[in-house]
Amino acid sequence: MKVILLENVKRIGSIGEVIDVKRGFARNFLIANKKALYASKENIKEVEKIKADLSKKDNERKQEATNIAEQINNKEYTVQKLSTENNELYGSVKPTEISKLIQEENKVEIKPSMIQPVEEIKSLGKFKVKISLHSEVDAEIVVNVTSADTIQ
């Protein structure tokens with residue numbers, strides 16, 4: 001299915017590009033999140049007219065993402081979880097928890113879908129977590145998981 005991109009999408013394409021993607025990806029992700037339009041002749045003409053405006057908005061989003069990246073990049077966040085004697089967690093640390101931590105400490109809203117742990121966080125220790133803020137801007141934080149049963 002052919003679609004026209006309304007914003008830069010990582011590993012897919014840039015604004016105004018007509019690309020061929022699978023139907024489900026187009027309908028369920030690109031079009032549902034207003035990142036693309038069906039590639040009809042009318043839509044192609046429309047996108048050509050507003051391409052400069054879309055680029056300007058994308059640059060604003062990129063600048064905003066860069067500011068957020070400067071605030072949180074290489075910071076360490078501590079999570080307390082219940083653990084077994086062999087330092088394994090009961091459950092794991094999910095992106096939603098990491099998102100809430102960043103919100104509480106830095107007053108910066110980050111969607112859980114932007115958070116990509118390098119590995120699953122299922123034990124005590126320090127873990128690197130990558131945060132994709134924009135198609136061209138990433139940040140990396142460290143999540144320090146400590147045991148909650150030692151704190152009274």
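Just so it is clear, the structure is predicted and the values come from calculations on it, not from any experiment. All heavy atoms count here, side chains included; hydrogens, waters and symmetry mates do not.
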Passes side-chain contact (heavy atoms from CB on, under 4.5 Å), Ile4 versus Val18? Steps please.
CA-CA 4 Å; Ile4 317 159; Val18 178; 4.2 Å; yes
Within a 6.0 Å radius of atom [atom1] on [X], are there more than 12 heavy atoms belonging to other residues, nucleotides or ligands?
X	atom1	value
Lys10	NZ	yes
Glu64	CD	no
Glu109	CD	no

Which heavy atom of [X] sits nearest a heavy atom of [Y], and at what distance?
X	Y	value
Val3	Ala26	CG1-CB, 3.9 Å
Ser92	Lys122	CB-CG, 3.8 Å
Gly16	Val47	CA-CG1, 3.8 Å
Pro95	Ile115	O-CD1, 3.4 Å
Glu136	Asn8	OE2-ND2, 3.6 Å
Tyr38	Asn43	O-ND2, 2.8 Å

Distance (rounded to the nearest 0.5 Å) between [X] [atom1] and [Y] [atom2]:
X	Y	atom1	atom2	result
Ser147	Leu124	OG	CG	5.5 Å
Ile141	Ile98	CD1	CD1	6.0 Å
Leu89	Thr84	CG	OG1	8.0 Å
Leu101	Lys75	CG	NZ	12.0 Å
Ile131	Ser99	CD1	OG	8.5 Å
His134	Thr66	NE2	OG1	8.0 Å

Tell me whether [X] shares a hydrophobic cluster with [Y], the cluster being built from Ile, Leu, Val, Met, Phe, Trp, Tyr side chains joined at under 4.5 Å.
X	Y	answer
Met114	Leu30	no
Val145	Ile72	yes
Ile44	Met1	no
Val93	Tyr77	yes
Ile12	Leu133	no

With a 4.5 Å limit on heavy-atom distance, are the side chains of [X] and [Y] in contact?
X	Y	value
Lys56	Asn59	no
Lys2	Asp20	yes
Glu42	Glu46	no
Phe127	Val118	no
Ile121	Val79	no

Expected output: side-chain Asn73 to main-chain Ala69 donor-acceptor under 3.5 Å
no
I'd like to know if the side chain of Lys107 and the backbone of Glu104 have a donor-acceptor N/O pair within less than 3.5 Å.
yes
Between Arg61 and Asp58 (salt bridge meaning N to carboxylate O under 4.0 Å), is one present in this structure?
yes
Do NZ/NE/NH1/NH2 and the carboxylate oxygens of Glu76 and Lys126 come within less than 4.0 Å?
yes
Pair Lys130, Ser132: side-chain N/O donor-acceptor within cut-off below 3.5 Å:
no
For Ser83 and Lys81, run side-chain hydrogen bond (donor to acceptor under 3.5 Å, both in side chains): C-alpha distance rounded to whole Å, both residues' side-chain angles, the deciding distance at 0.1 Å, then the answer.
CA-CA 6 Å; Ser83 63; Lys81 295 288 243 174; over 6 Å; no
